[in-house]
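Down below is the structure, laid out as structure tokens.
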Amino acid sequence: MKIAIIGAGAMGSLYGGLLAEGGQEVLLVDVWQEHVDTINQWGLSMEGVNGHRTIKNIKATTNPSYAEAMDLVIVFVKSTITHIAVSQHKKLCDNNTTVLTLQNGLGNIEKIMETIDKKNIIAGTTAQGCTLLAPGKINHAGVGDTYIGELDGTTSPRIKEIHKAFTAGGLKTNISNNVLGLIWGKLLVNVGINALTAITNLRNGQLVEFEETEELLELAVEEALAVAMARGIELPYGDPVAHTKKICRATALNKSSMLQDLLNKRKTEIAMINGAVVTEGEKLGVKTPVNKVLTNLITVLEKNQ
Ligand SMILES: NC(=O)C1=CN([C@@H]2O[C@H](COP(=O)(O)OP(=O)(O)OC[C@H]3O[C@@H](n4cnc5c(N)ncnc54)[C@H](OP(=O)(O)O)[C@@H]3O)[C@@H](O)[C@H]2O)C=CC1
Ligand SMILES: CC(C)(CO)C(=O)C(=O)O
């Protein structure tokens with residue numbers, strides 16, 4: 001399968017590397033010239049949970065205008081720039097290309113739809129964890145399942161084919177008939193953890209060690225749950241607060257992606273996480289004051305960098 005990854009940071013490089021190891025023809029597309037040059041010259045160096053190795057059968061570029069249309073394009077830029085990146089690299093897609101988003105936050109499908117026909121888009125979530133260490137070098141920090149699915153919930157031949165390619169790369173992957181539920185399920189976890197860790201500079205596990213942050217986590221997730229219920233979303237697990245606390249403990253030593261973004265003086269995905277809960281809540285008449293406070297505080301921290 002010919003696969004391009006738009007946004008070859010931590011996760012794009014991880015998925016690209018594993019898919020190349022599984023025998024797929026992979027092109028990484030990123031804006032960071034040094035990262036791209038290092039991969040082309042030396043290969044992609046991967047360390048972490050599955051040991052150290054260098055993946056050589058992988059190409060990278062900052063300008064894919066020469067490339068033919070792909071079978072699969074995976075979008076792994078931050079959700080703040082999904083629409084820009086997909087539009088910029090639309091030549092990677094023709095009528096037969098499937099475009100997959102595994103990004104965090106709400107709104108990525110809609111942003112891809114500004115450029116790509118809805119029938120060509122599939123979505124999912126990932127519980128893998130990865131950090132970019134240096135140009136051409138990543139740390140695979142945590143293994144977790146990938147979920148993919150058609151937006152209409154059918155188990156199509158292309159979903160089965162992509163499932164096969166992911167599995168061949170060692171990515172434990174499940175086909176879901178409820179991708180929207182999965183995306184909201186992941187959203188609620190990020191709503192409870194990301195902004196609070198970024199404001200307090202705590203690691204994920206510490207949020208449930210302080211009663212004050214634990215209370216705020218509960219309130220933020222309960223608000224988001226009320227919005228999800230009003231939207232008629234069917235979540236993939238039973239108790240979102242208990243589930244989020246479980247993820248805090250399972251990823252206890254992680255610095256959340258939002259905390260890392262602030263520490264690295266980068267734009268966060270707040271508008272697509274707690275901010276999206278506020279926006280959706282306003283549309284549905286559900287009050288979300290805690291998420292509003294978290295959104296405003298992160299926005300100020302971002303502006304004051
Ligand atoms: N990291 C993780 O463990 C997890 C991340 N996710 C989600 O996955 C998504 C990606 O996260 P992550 O990999 O950490 O992010 P990164 O910031 O590491 O990677 C995104 C990459 O896209 C590049 N980029 C920016 N603009 C463009 C463009 N126009 N075309 C191509 N590439 C571009 C960025 O370059 P530059 O930095 O120069 O802007 C960067 O290298 C996010 O939605 C995140 O929430 C989900 C689960 C876990
Ligand atoms: C699950 C969690 C909170 C792990 O750190 C995450 O997805 C993130 O940091 O964005």
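Because the structure is predicted, anything quoted here is derived from the model rather than measured. Position 1 is the first residue of the sequence; numbering continues from there. Start at 1 and go down the list; that is how both ligands and their atoms are numbered. No hydrogens, no waters, no symmetry mates; every other heavy atom, side chains included, goes into these values.
Residue-ligand proximity, N104 to ligand 2, at heavy-atom distances under 4.0 Å covers atoms 7 (O), 10 (O). For ligand 1, the atoms sitting less than 4.0 Å from at least one non-hydrogen atom of G9 are 18 (O), 19 (O), 21 (C), 41 (O), numbered in the order shown with element in parentheses. Shown in contact with K186 at under 4.0 Å from a heavy atom are these atoms of ligand 1, numbered in order with element: 46 (C), 47 (C). Below 4.0 Å from some heavy atom of A85 lie the following atoms of ligand 1, by number and element: 28 (C), 29 (N). The atoms of ligand 2 that sit less than 4.0 Å from any heavy atom of I193 are 3 (C). With ligand atoms numbered from 1 in the order given, ligand 1 contributes 3 (O) to contacts under 4.0 Å with heavy atoms of G129. For ligand 1, the atoms closer than 4.0 angstrom to any heavy atom of Q103 are 43 (O).
When only modelled atom types and interatomic distance are considered, N274 and T295 share no side-chain donor-acceptor pair under 3.5 Å. For the residue pair T213 and Q206, no side-chain donor N or O sits within less than 3.5 Å of a side-chain acceptor on the partner. Checked by atom type, the side-chain pair E269/S79 shows a donor-acceptor distance below 3.5 Å. Side chains of T98 and N120: a donor-acceptor N/O pair is absent below 3.5 angstrom, by distance only. Side-chain polar atoms of N40 and K59 form no donor-acceptor pair below 3.5 angstrom. Judged purely by distance below 3.5 Å, without hydrogens or angles, the side chains of Q33 and D37 pair a donor atom with an acceptor atom. S156 and E150 are linked by a side-chain donor-acceptor pair at a separation below 3.5 angstrom, with hydrogens and angles left out of the test. Looking at S65 and N63, their side chains do bring a donor and an acceptor atom within 3.5 Å of each other. No donor-acceptor contact under 3.5 angstrom links the side chains of T126 and Q128, judged on distance only. In the model, N296 has no side-chain atom that pairs as donor or acceptor with a side-chain atom of T299 under 3.5 Å.
A 4.5 Å side-chain heavy-atom check between I162 and L72 finds at least one atom pair inside the cut-off.
Salt-bridge check for K78 with D261: passed, with a basic side-chain N closer than 4.0 Å to an acidic carboxylate O. E47 has a carboxylate O that lies under 4.0 Å from a charged side-chain N of K137, or vice versa, which qualifies the two as a salt bridge.
The closest protein non-hydrogen atom to atom 35 (O) of ligand 1 is V31 CG2, 3.3 Å. With respect to atom 44 (C) of ligand 1, the closest heavy atom belonging to the protein is E269 OE1, 3.6 Å. N194 OD1, 3.4 Å is the protein heavy atom nearest to atom 3 (C) of ligand 2. The protein atom (non-hydrogen) at minimum distance from atom 5 (O) of ligand 2 is N204 ND2, 2.9 Å. I81 CD1, 3.0 Å is the protein heavy atom nearest to atom 26 (N) of ligand 1. In terms of protein heavy atoms, atom 31 (C) of ligand 1 is closest to V29 O, 3.6 Å. Of the protein's non-hydrogen atoms, R266 NH2, 3.4 Å is the one closest to atom 39 (O) of ligand 1. Among all non-hydrogen protein atoms, the one lying nearest atom 7 (O) of ligand 2 is N190 ND2, 3.0 Å. In terms of protein heavy-atom proximity, atom 46 (C) of ligand 1 is nearest to N104 ND2, 3.4 Å. In this structure, atom 11 (O) of ligand 1 lies nearest to the protein heavy atom K78 CE, 3.7 Å. Scanning all protein heavy atoms for the shortest distance to atom 1 (C) of ligand 2 gives I247 CG2, 3.9 Å. Closest to atom 41 (O) of ligand 1 among all protein heavy atoms lies D30 OD2, 2.8 Å. If you check which protein heavy atom lies closest to atom 10 (O) of ligand 2, you get S257 OG, 2.6 Å.
Residue Q88 has at least one N or O atom closer than 3.5 Å to an N or O atom of ligand 1. In terms of N/O distances under 3.5 Å, ligand 2 is not approached by K255. Where the criterion is an N or O separation shorter than 3.5 Å, residue side chain and backbone included, G12 fails it with respect to ligand 1. Taking distance alone, with nitrogen or oxygen atoms compared against 3.5 Å, S256 stays at or beyond that limit from ligand 2. Of the polar atoms of T126, none of the N or O atoms is found under 3.5 Å from an N or O of ligand 1, judged by distance alone.
Evaluated for a side chain to side chain contact (heavy atoms under 4.5 Å, CB included) with I6, the options V73, D30, T101 yield exactly one hit, V73.
Counting heavy atoms under 4.0 Å from ligand 1, residue F76 touches it through both backbone and side chain. If you look at H89 next to ligand 1, the close heavy atoms, those under 4.0 Å, all belong to the side chain. Contacts of H140 with ligand 1, taken as heavy-atom pairs under 4.0 Å, are absent altogether. If you look at C130 next to ligand 1, the close heavy atoms, those under 4.0 Å, all belong to the backbone.
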N201 and L259: CA distance, side-chain angles, deciding distance, side chain to side chain contact (heavy atoms under 4.5 Å, CB included) verdict: CA-CA 7 Å; N201 202 5; L259 173 55; 3.5 Å; yes
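In plain terms, the two heavy atoms of E218 and V241 that are nearest each other are CG-CG1, 3.6 Å.
Ring pair Y15/F76 is tilted by interplanar angle, where 30° to 60° counts as tilted.
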